[in-house]
Amino acid sequence: MADGNRFFPAPRLILAALVAGALAGAVAVYVSESRSGNNAASQVAVGDSKDDVACAAKSERAKKIAAAATGEVAALLPADPPQSMKSLAFNGPDGKPMTIADHAGKTVLLNLWATWCAPCRAEMPALDALQKEKGSDAFQVVAVNVDAGDDVKPKKFLKDTGVEALGYYRDSTMALFNELKTRGLALGLPVAMLIDGEGCLIAHMNGPAEWSGPDAKRLVEAALNPSG
C-alpha cells in the first residue's frame with residue numbers, strides 16, 4: 001500500500017462525513033485507526049432454512065479462506081457460522097430489483113458505500129481496480145450505494161473518481177444495510193461480505209481496506225480455489 005493513511009482521513013474530514021451522514025438520516029461512518037474494529041460485531045442466530053443449514057456446513061472452509069486474509073485485508077473475519085445471503089436485495093445496474101441469488105455460481109465481494117462516508121469514498125477506486133483485474137465469470141465486486149435520494153450524487157461521484165469497471169448497484173432505502181445490521185454483520189460503513197457461488201457468507205469485514213493490493217488479490221484467489 002503506497003500510502004498508509006490513504007483510507008483514514010484527517011479528523012476534520014471524518015467530522016464532516018459524520019455530520020453529513022447524520023443530516024442524511026444515515027448510520028454513522030465506520031472510522032478507526034486500526035483495522036480490527038469489526039471484532040465488535042456480534043452474530044445473530046442463523047435460521048434453520050435449508051439454505052442456512054447447507055451454508056453452516058461450510059464453517060471449516062470459511063475459516064480456511066479467512067486465514068488467507070492477511071496484510072491489508074487482515075480484518076476480514078470468517079463467518080461464524082456461514083449463513084445464506086441469497087435474499088439480500090438491491091437494485092441492479094438496469095435499475096431493476098435483484099438479489100444475491102441472481103449471482104448464483106459466482107463468488108461475490110459485496111460492499112456497501114455512500115458518498116458521505118469518507119472511508120468509502122477513498123476505497124471505491126481500489127474496489128474498481130480489483131474488479132477490473134479480477135472480475136470474471138467466477139468473481140465479481142458488487143458495490144451497492146446506499147445514499148438516500150436520487151442517483152445524481154452517487155453517479156457524479158463515480159464519474160469524478162474515474163470508477164469504470166464497477167456496476168452501479170443501489171439501495172436508497174437503507175433496507176440492505178439494516179438487514180445486515182440485524183444479522184449482526186454491519187456496524188457502519190463501509191462493510192464488505194465475501195459470498196460464495198451458492199450464496200453463502202464466507203467472511204465479512206467492517207471498515208475500509210486496500211482492495212487493489214496483492215493481499216486482496218491473494219484472498220480472491222483463495223476464495224476461488226475449489227480446495228480452499
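Computed from a predicted model, the values in this text were never measured in an experiment.
- Salt bridge Arg61/Asp196: absent, no basic N to carboxylate O contact under 4.0 Å.
- Two residues are said to be in side-chain contact when any heavy atoms from C-beta on lie closer than 4.5 Å; Gln131 and Leu109 fail this criterion.
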Give the intermediate values and the outcome of salt bridge (charged side-chain N to carboxylate O under 4.0 Å, His left out) for residues Lys217 and Glu221. CA-CA 6 Å; Lys217 294 169 188 175; Glu221 290 164 5; over 6 Å; no
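- Proximity of Phe90 to Met98: side-chain heavy atoms (C-beta onward) are separated by under 4.5 Å at one or more points.
- Between Trp113 and Phe157, the ring-plane angle classifies as tilted under the 30° and 60° cut-offs.
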Any chance you could lay out the side-chain contact (heavy atoms from CB on, under 4.5 Å) test for Leu166 and Leu158, step after step, and finish with the verdict? CA-CA 9 Å; Leu166 295 176; Leu158 295 178; 5.6 Å; no
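- Side-chain contact check for Val141 versus Lys134: every heavy-atom pair is 4.5 Å or farther apart.
- Residues Phe177 and Ala186 come closest through the heavy atom pair CE1-CB, 3.6 Å.
- The main-chain N or O of Val73 is never found under 3.5 Å from a side-chain atom of Asp215 such that the two would form a donor-acceptor pair.
- Under the 4.5 Å side-chain criterion, counting only non-hydrogen atoms from C-beta, Cys120 is not in contact with Pro208.
- Within the 4.5 Å cutoff, no side-chain heavy atoms of Pro125 are placed close to those of Ser212.
- Of the possible polar contacts, one joining the Asn206 side chain to the Leu185 backbone as a donor-acceptor pair under 3.5 Å is found.
- Applying side-chain hydrogen bond (donor to acceptor under 3.5 Å, both in side chains) to Arg170 and the options Asn91, Asp150, Asn145 leaves one that passes, Asn145.
- The shortest non-hydrogen separation linking Pro93 to Gly167 is CG-CA, 4.3 Å.
- Taking the ring pair (Phe, Tyr, Trp, His ring centres under 6.0 Å) definition, one finds that Tyr168 meets it with nothing, sequence neighbours left out.
- Rounding to the nearest 0.5 angstrom, the gap separating the CG atom in Leu127 from the CD atom in Glu210 is 9.5 Å.
- Around the NZ atom of Lys156, the shell of radius 6.0 Å holds no more than 12 heavy atoms that belong to other residues, nucleotides or ligands.
- Other residues, nucleotides and ligands contribute more than 12 heavy atoms inside 6.0 Å of the CG atom of Asp94.
- Atoms CD and CG, on Glu123 and Asp128 in that order, are 12.0 Å from each other to the nearest 0.5 Å.
- Within the 3.5 Å criterion, the main-chain N or O of Ser84 finds a donor-acceptor partner in the side chain of Asp52.
- Rounding to the nearest 0.5 Å gives a distance of 9.5 Å between CG of Leu224 and CG of Leu219.
- Considering every non-hydrogen atom in both Ala114 and Leu189, the closest pair reads CB-CD1, 4.0 Å.
- Atom-to-atom distance recorded for Ile100:CD1 and Leu88:CG is 5.5 Å, nearest 0.5 angstrom.
- In this structure, Asp51 pairs ionically with Lys86, as a charged nitrogen and a carboxylate oxygen lie closer than 4.0 Å.
- In this structure, the side chains of Met85 and Leu110 stay at 4.5 Å or more apart for every pair of heavy atoms.
- Considering only residues two or more places apart in sequence or on other chains, Asp102 meets the salt bridge (charged side-chain N to carboxylate O under 4.0 Å, His left out) condition with none of them.
- For the atom pair CG of Leu201 and NZ of Lys58, the computed distance is 11.0 Å after rounding to the nearest 0.5 Å.
- Listed by chain and number, the residues in a salt bridge (charged side-chain N to carboxylate O under 4.0 Å, His left out) with Lys155 amount to none (sequence neighbours excluded).
- Comment: Glu179 engages Arg183 in a salt bridge, judged by a side-chain N to carboxylate O separation of less than 4.0 angstrom.
- The shortest side-chain heavy-atom distance between Thr107 and Val220 does not fall under the 4.5 Å cut-off.
- No side-chain heavy atom of Cys55 sits less than 4.5 Å from a side-chain heavy atom of Pro81.
- Leu176 CG to Thr99 OG1: the interatomic distance, rounded to the nearest 0.5 Å, is 11.0 Å.
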